[in-house]
Amino acid sequence: MNDGATLTLTLADEAETIRFGEDLALALKRGDCLALSGDLGAGKSTLARAFLRALADDDTLEVPSPTFTLVQSYELRIPVSHFDLYRLGDASELDELGFDEALSDGICLVEWPEMADDLLPETRVMLRLEHQGDGRRATITGPEPQVNRIRRVLAIREFLDKHGYARARRRFLTGDASVMRAYETIGTATGEKLVLMDWPKPPEGPPVLDGKPYPKVAHLATDVYPFVAIAGYLRKIGLAAPEVLYADCDQGILLLENLGDEGVLDAEGRPIPERYRESVTCLAFLHGHRMPQDLRIDKTHVHHIPDFDPTAMKMEARLLLDWHLPWKRGTPATDTEREDYLAIWDELIRELASAEKNLLLRDFHSPNIIWRPQESGVRRVGIIDFQDAMIGPTAYDLASIVQDARSDVPKPLADRLMLDYMTLRRSQGSFDEPTFLKAWAIMAAQRNCKLAGLWVRLLQRDGKPGYLKHMPRTLRYLSAALQHEVLAPLRDWCRRAGIELIES
């Protein structure tokens, strides 16, 4: 193995060894091999047990020693195979234990890696434990990317220690479709549960338009400042967004209030009408406030909320061209198809010139709405995942929830939500309903064109196949949006291109 990067730390006692094992469960990924070395009693088994229990989120998980069986397998969030090679007769026997298969599917923990000679992968991470006083010294050597992930979880631990959460219990929390953001639940000594956002600044991607990478063209946030700014604004006007308890914006670490665990779907994943209706009330409340475009965060930072400009709208709509169409047909869009599609969107975007504009949360749908039954009014609706907010047509967010990308919204409920919103907006004063409904159809079509491509991009580029299950719903929603007369040219283009429009 190449020398790579090296990291050394002192684990003062058994409790710190256990915490480090738990933190490693947040750092390792599918395909990682962690080779644990050290004398008998150095703490290899203690660390491995802590790692497995944290990954399982089960403090009572039985973790028998694999000394005699040579390998123990665990079907966890990420499958783990725990190898003990002390009794390995010959290094060649490693293949008979199914090591390569286990590594391709999950994480391999390997005690006594010395017995494997050079058969462990070049990308392995070596972790050597040695006695040091009442504690242990841990030396970690491995490829830079893997060691940097470990550095990151240690930096988060240091952040928690600094702000009074030295013994906090950290566990993985299901995140979003981002390849950079991750979330943890933080259990405090008093039993409180908080949420930690882990968002290191990403490297700038390849240029896609005018020398700019996709996030800059589509106005996607690349650091935590927009989240902090929008959260403060939403809270200021009386909506329920997470309070930012502590922040290290430079490192991209936020400790947040936990708004709760309840969502707006039932046990079968179906919309709960009362909760969706209150969410639409929340949107109408938000759209009734005049939104400032510049939000001061602190003495040195002001967040300017970007406009959902024509370039960003077209870039998102292009995902259908660039990803969905080749996946569906097996052939890319022709030059003529591309020119016609983009020309149609130029005209549709011009139709939005008179549309009402305000804060556009961008992903206001079931995964990002928390139900808070202990509260009243609009505060029963907790809002998360708004860091990519822009100033744009208010109709966009209503389309996001009425056509929820993650759940089928029955037509009677969808009609009820539209009526609720219109009634509330009319009660607030002047409201141009026909112009709003035209904008709603255009924004619904734009969002679903984006999603139809995004699901494929998540599959093919990011290795996340689970999102493809939403494709039939997305195409049904797109078909519904295309019924508006202003979208007739796009409807005809989709049919010519072979886009499958699924009727409700």
Side-chain angles (χ1 to χ4, degrees), residues 208-209 217-218 308-356 360 392-405 408-411 414-415 418 432-457 459-460 467-468 470-504:
V208 295
L209 186 68
V217 177
F308 196 15
D309 55 47
T311 302
M313 288 188 191
K314 283 177 66 178
M315 176 57 66
E316 291 188 342
R318 269 179 50 184
L319 292 179
L320 180 137
L321 274 179
D322 297 339
W323 293 91
H324 182 90
L325 201 61
W327 169 79
K328 179 65 180 176
R329 297 192 320 197
T331 58
T334 66
D335 290 344
T336 299
E337 285 174 329
R338 181 174 293 274
E339 290 170 7
D340 290 349
Y341 181 80
L342 295 178
I344 289 168
W345 274 109
D346 284 335
E347 184 57 37
L348 290 173
I349 291 167
R350 280 192 284 271
E351 291 282 350
L352 294 170
S354 59
E356 176 191 63
L360 185 157
T394 51
Y396 185 98
D397 281 341
L398 185 62
S400 297
I401 187 166
V402 172
Q403 293 191 331
D404 193 322
D408 292 319
V409 179
K411 189 175 186 305
D415 292 344
M418 295 291 289
D432 185 345
E433 188 170 325
T435 300
F436 181 89
L437 288 173
K438 179 175 71 172
W440 186 93
I442 295 171
M443 289 287 84
Q446 190 270 350
R447 179 172 170 81
N448 286 301
C449 285
K450 175 186 75 172
L451 292 174
L454 179 62
W455 304 145
V456 179
R457 190 177 75 180
L459 165 72
Q460 295 182 344
Y467 290 92
L468 208 60
H470 303 305
M471 186 68 79
R473 178 184 307 115
T474 298
L475 296 176
R476 283 197 300 273
Y477 287 154
L478 176 58
S479 180
L482 293 177
Q483 299 311 304
H484 194 285
E485 60 184 1
V486 76
L487 286 156
L490 182 59
R491 181 173 64 242
D492 292 341
W493 182 93
C494 287
R495 286 173 176 162
R496 291 195 306 271
I499 300 296
E500 184 182 8
L501 297 178
I502 302 176
E503 301 295 334
S504 299

Would you say [X] and [Y] make side-chain contact, with heavy atoms under 4.5 Å?
{"X": "Glu347", "Y": "Ile344", "value": "no"}
{"X": "Val402", "Y": "Met418", "value": "yes"}
{"X": "Leu348", "Y": "Gln446", "value": "no"}
{"X": "Gln460", "Y": "Trp323", "value": "yes"}
{"X": "Asp408", "Y": "Pro410", "value": "no"}
{"X": "Leu468", "Y": "Trp327", "value": "yes"}
{"X": "Arg318", "Y": "Leu342", "value": "yes"}

Kindly give the heavy-atom pair with the smallest separation between [X] and [Y], and that separation in Å.
{"X": "Gln403", "Y": "Ala444", "result": "OE1-CB, 3.5 Å"}
{"X": "Val409", "Y": "Ala414", "result": "CG1-N, 3.9 Å"}
{"X": "Pro393", "Y": "Leu360", "result": "O-CD1, 3.6 Å"}
{"X": "Cys494", "Y": "Leu501", "result": "CB-CD1, 4.2 Å"}
{"X": "Ala317", "Y": "Tyr341", "result": "O-OH, 2.7 Å"}
{"X": "Ala395", "Y": "Ala439", "result": "CB-C, 3.8 Å"}

Going by an N to O cut-off under 4.0 Å, is there a salt bridge joining [X] and [Y]?
{"X": "Asp322", "Y": "Arg338", "result": "yes"}
{"X": "Asp346", "Y": "Lys314", "result": "yes"}
{"X": "Lys411", "Y": "Asp415", "result": "yes"}

Give, for atom [atom1] of [X] and atom [atom2] of [Y], the distance between the pair rounded to the nearest 0.5 Å.
{"X": "Arg457", "Y": "Leu451", "atom1": "CZ", "atom2": "CG", "answer": "11.0 Å"}
{"X": "Leu459", "Y": "Met471", "atom1": "CG", "atom2": "CE", "answer": "8.5 Å"}
{"X": "Leu475", "Y": "His324", "atom1": "CG", "atom2": "NE2", "answer": "5.0 Å"}
{"X": "Asp340", "Y": "Asp335", "atom1": "CG", "atom2": "CG", "answer": "11.0 Å"}
{"X": "Thr474", "Y": "Arg447", "atom1": "OG1", "atom2": "CZ", "answer": "9.0 Å"}
{"X": "Ile442", "Y": "Tyr396", "atom1": "CD1", "atom2": "OH", "answer": "14.0 Å"}

For Phe308 and Leu352, what are the C-alpha separation, side-chain angles and deciding distance, and is it a side-chain contact (heavy atoms from CB on, under 4.5 Å)? CA-CA 11 Å; Phe308 196 15; Leu352 294 170; over 6 Å; no
Donor-acceptor pair, distance only, cut-off 3.5 Å: does the side chain of [X] make one with the backbone of [Y]?
{"X": "Arg329", "Y": "Ala497", "value": "yes"}
{"X": "Gln483", "Y": "Ser479", "value": "yes"}
{"X": "Tyr477", "Y": "Ala399", "value": "no"}
{"X": "His484", "Y": "Ala441", "value": "no"}

Evaluate the side-chain contact (heavy atoms from CB on, under 4.5 Å) criterion for residues Lys328 and Ile499: first the C-alpha distance (whole Å), next the side-chain angles of each, then the deciding distance (0.1 Å), finally the verdict. CA-CA 8 Å; Lys328 179 65 180 176; Ile499 300 296; 5.6 Å; no
Could you tabulate the donor-acceptor pairs under 3.5 Å formed by side-chain atoms of residues 485-493, not counting sequence neighbours?
unit_1: Arg491; atom_1: NH1; unit_2: Leu482; atom_2: O; d: 2.4
unit_1: Trp493; atom_1: NE1; unit_2: Glu337; atom_2: O; d: 3.1

Does the side-chain contact (heavy atoms from CB on, under 4.5 Å) test come out yes or no for Thr394 and Phe436, once each step is laid out? CA-CA 8 Å; Thr394 51; Phe436 181 89; 3.5 Å; yes
Kindly assign one of parallel, tilted or perpendicular to the pair Trp455 and His470, based on the angle between their ring planes and the thresholds 30° and 60°.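 Answer is tilted, since the angle falls between 30° and 60°.
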